[in-house]
Amino acid sequence: MKKYICILLFLTGIASCDVLELTPLDKISETDTWTDQALIQTYVNGSYNAIQHGYGTAMISVACDDAYSIFNNAGFYFVQSGTLTSDNVTGMNSRLNQWEFAYGYLRNINTFFEKIETAPVDGDFKNSAIGEMKFIRAYVYANLIWIYGGVPIITKVFKLNEDYAVTRNGYDECVNFIVTELDDAMSRLPARQPDSQKGRASGDACRALKARVLLYAASALNNPNSDRAKWQKAADAIEPLLNAGYELHGDYQNTFLTDNGEIIFARYFTPSTSVNFQWINGRSGSNGSDEGCPTHNLVNAYEMAATGLLPYSETADGTLTLNTASGYDANHPYDGRDPRFAATILYDGSMWQGRETETFHGGLDSPESSVGSWNASLTAYCFKKFIDESIPVVGAAVNQTNPWIYFRYGEMLLNYAEAKFELGDEATAREYLNKVRARPGVNMPPVTDSGEALRKRIQNERRVELALEEHRFYDVRRWKIALETENKPLLAMNIRKQADGSKTYEITVLTERSFGEQHYLLPVPRAEIDKSLGSLTQNPGY
């Protein structure tokens, strides 16, 4: 930005006024930014921060029945307790309170599009940068509609004294906009980025986002009339990724600790941009913060490995009945479970960094411990997924650099199974569901169910395969089952060690929860409604 400064010079009794153009010394000028290819690249790089990752203290998993935060992090307590309002929503972290965060980034992205066409830079670079920014803008809008429903589509930068009044576009209109953005981005980007550019948007990242957007758009919340054409669009969008060279990684636990052939799009880290997730969700008895605790609700979702059956049947009100046919032993509740259980969750007796996890009363990782008792898990479970066992919880010379995965092949297989089921092709749905269950190192018994039972198996498979990856919050809402799932209490396991070394296990209620019809969408912050002078409408029930 040019500065125009009038300086009065009093020389020999004569005053003169010169107009000087000075380049700012405290920031890069706008002119420099849009004429320098390196600076434009930096601008694009910074825009990727609009795509948030889960390696923080505000994992969306603690806002549903997958996990519990002892600190009620990021205001997610309002979601769990059913007390969310258009006023207190602003006390939530931007992981879910997206409005101001998202539209701030959208203004920057829209500025890019206003400037890039006339920027005197290499044509190939310009084309690629436009593709990346279209992907980022599509991702931001996708998050907005998954949280709020239809939102204002803004593709310009408002100027001073311009009419700022905006209205909300319909959900389907937003979906069409996102898909158009992604289709354009696909035409500009390589299907996969080279290793030196990993973490940048690619054509396949666009396809994966498009597939998820259309799957959500076809689901019950957004497709109340069960329009078959929407499910067909979702299936068609997924198909190009099914044979694009991706594969299920051979080690489920290490899928989230390494760069591997299952990843379609991820956030990559370096030692200088590392995360301390090993401390944030590390075991309390190892001096970790243990901020997110997997619930027993999630543990109950893991089937028995030998039979493929759940240990309990559950009624709509949350009453559990032992499923004797499953082979489950309530006296040894963690034996013989789906291998993904032990790869995802630290439970009492599981080995980690050279010692057994002790979440029994009085154990080293319990609230009665002499170490870290103030933040010990209240569910008797700790995170294992995403955490690198080779890095100490505290005192590490380096922190974690394993990628945060946004899209992976396993999700695409489950997306396809769901879409084909809803289209009435149960044979294909079972085929792709069983591909996931048969992944190396897991090898769960194949599903043979049909009808509503098959739908429930697909939904539970998503919960297990994608556990703690921040899908569950959105899944129960788009399926319109949250009135059931989110009104059930969060469960914990009460473990007591007897004098002879044996242990007793009792499932207990950790906290009650409340969910109403209005909670399928989050409220637009009241401040945003007020600033719009009434042009923005609030979601029903708020």
Side-chain angles (χ1 to χ4, degrees), residues 207-208 211-212 214-215 218-219 231-232 234-256 260-264 298-313 323 325-328 336-344 385 405 407-469 471-472 475-476 478-479 481:
R207 292 178 182 89
R212 192 187 294 176
L214 290 174
L215 184 80
S219 301
W231 284 111
Q232 190 62 57
D236 292 345
I238 300 163
E239 285 177 354
L241 292 168
L242 299 179
N243 298 295
Y246 298 98
E247 60 185 2
L248 294 170
H249 188 54
D251 184 327
Y252 181 79
Q253 183 181 343
N254 280 324
T255 300
F256 311 97
N260 59 80
E262 187 165 343
I263 297 173
I264 298 173
L298 174 58
V299 173
N300 276 345
Y302 289 91
E303 301 165 0
M304 300 304 294
T307 62
L309 299 177
L310 291 170
Y312 291 93
S313 60
N323 182 4
S326 69
Y328 176 75
R337 306 295 286 272
D338 181 330
R340 289 170 293 189
F341 166 63
T344 301
K385 200 173 196 177
I405 303 173
F407 301 106
R408 60 183 177 94
Y409 184 56
E411 181 204 342
M412 295 303 119
L413 295 177
L414 292 173
N415 290 354
Y416 196 61
E418 181 179 345
K420 296 302 279 188
F421 171 81
E422 298 297 343
L423 287 167
D425 186 352
E426 292 194 359
T428 302
R430 282 189 292 269
E431 176 188 354
Y432 281 85
L433 173 63
N434 288 327
K435 284 178 184 287
V436 177
R437 294 173 65 82
R439 67 180 299 147
V442 173
N443 297 313
M444 288 295 290
V447 167
T448 59
D449 300 79
S450 61
E452 184 60 27
L454 178 55
R455 175 184 279 119
K456 290 186 180 300
R457 295 299 291 264
I458 291 170
Q459 291 179 349
N460 195 69
E461 193 68 22
R462 284 185 68 89
R463 184 174 195 185
V464 168
E465 172 67 22
L466 306 175
L468 306 175
E469 295 175 51
H471 290 269
R472 177 72 173 173
D475 280 348
V476 297
R478 68 181 179 87
W479 290 330
I481 65 171

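Only a predicted model underlies this, so the values are computations on that prediction, with no experimental measurement involved. In this chain, numbering begins with 1 at the start of the sequence shown.
- Shown here for Leu466 and Lys385, the closest heavy-atom pair between the two residues is C-NZ, 3.9 Å.
- Using a 4.0 Å cut-off between charged side-chain N and carboxylate O, Glu426 and Arg430 make a salt bridge.
- Of all non-hydrogen atoms in Pro445 and Thr307, the two that sit nearest each other are CG-C, 4.0 Å.
- If you check the side chains of Glu247 and Tyr409, you find no donor sitting under 3.5 Å from an acceptor.
- A salt bridge links Glu452 with Arg455; the closest basic N to acidic carboxylate O contact falls under 4.0 Å.
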Item to complete: For Arg212 and Glu411, run salt bridge (Lys or Arg N to Asp or Glu O under 4.0 Å): C-alpha distance rounded to whole Å, both residues' side-chain angles, the deciding distance at 0.1 Å, then the answer.
Response: CA-CA 9 Å; Arg212 192 187 294 176; Glu411 181 204 342; 2.8 Å; yes

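- Note that CD of Glu262 and OG1 of Thr255 are 5.0 Å apart. Values are rounded to the nearest 0.5 Å.
- Rounding to the nearest 0.5 Å gives a distance of 9.5 Å between CH2 of Trp231 and CZ of Phe421.
- For the residue pair Ile264 and Ala208, the shortest heavy atom distance occurs at CG2-CB, 4.1 Å.
- Looking at Glu465 and Arg437, no side-chain N of the basic residue comes within less than 4.0 Å of a carboxylate O on the acidic one, giving no salt bridge.
- In this structure, Leu241 CG and Met412 CE are separated by 6.5 Å, a value rounded to the nearest 0.5 Å.
- One distance of note links CG of Asn260 with CG of Asp251; it measures 9.5 Å at 0.5 Å rounding.
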Worksheet item: Is there a side chain to side chain contact (heavy atoms under 4.5 Å, CB included) between Thr344 and Tyr302 once you walk through the steps?
Response: CA-CA 11 Å; Thr344 301; Tyr302 289 91; 3.6 Å; yes

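- Remark: Ala325 pairs with Leu309, Asn323 by the side-chain contact (heavy atoms from CB on, under 4.5 Å) rule, at least two apart or across chains.
- Not one N or O on the side chain of Lys435 forms a donor-acceptor pair closer than 3.5 Å with the backbone of Leu413.
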Fill in: side chain to side chain contact (heavy atoms under 4.5 Å, CB included) assessment of Leu242 paired with Tyr432
CA-CA 10 Å; Leu242 299 179; Tyr432 281 85; 4.0 Å; yes

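- Within the 3.5 Å criterion, the main-chain N or O of Leu248 finds no donor-acceptor partner in the side chain of Arg439.
- For Arg472, the side chain to side chain donor-acceptor pair (under 3.5 Å) test picks out Asp65, with sequence neighbours left out.
- For the atom pair Glu469 CD and Arg462 CZ, the distance stands at 10.0 Å (nearest 0.5 Å).
- Looking at Leu298 and Leu468, their side chains come closer than 4.5 Å, going by heavy atoms from C-beta outward.
- Between Leu433 and Ala417, the shortest heavy-atom contact is N-CB, 3.8 Å.
- Within the 4.5 Å cutoff, the side chain of Asn300 has no heavy atoms near those of the Leu310 side chain.
- Taking CG of Asp475 as the reference point, atom CD of Glu418 lies at 7.0 Å (rounded to 0.5 Å).
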Practice prompt. For side chain to side chain contact (heavy atoms under 4.5 Å, CB included), just list the numbers for Arg337 and Val299, CA-CA rounded to whole Å, side-chain angles, deciding distance to a tenth of an Å, and then say yes or no.
Written response: CA-CA 10 Å; Arg337 306 295 286 272; Val299 173; 4.1 Å; yes

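- In this structure the side chain of Arg207 never reaches within 4.5 angstrom of the side chain of Phe407, judged on heavy atoms.
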Item to complete: For Gln459 and Ile481, run side chain to side chain contact (heavy atoms under 4.5 Å, CB included): C-alpha distance rounded to whole Å, both residues' side-chain angles, the deciding distance at 0.1 Å, then the answer.
Response: CA-CA 11 Å; Gln459 291 179 349; Ile481 65 171; 4.1 Å; yes

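- Between Pro339 and Met444, the closest heavy-atom pair is CD-SD, 4.0 Å.
- Residues Arg478 and Ser219 come closest through the heavy atom pair NH1-OG, 2.7 Å.
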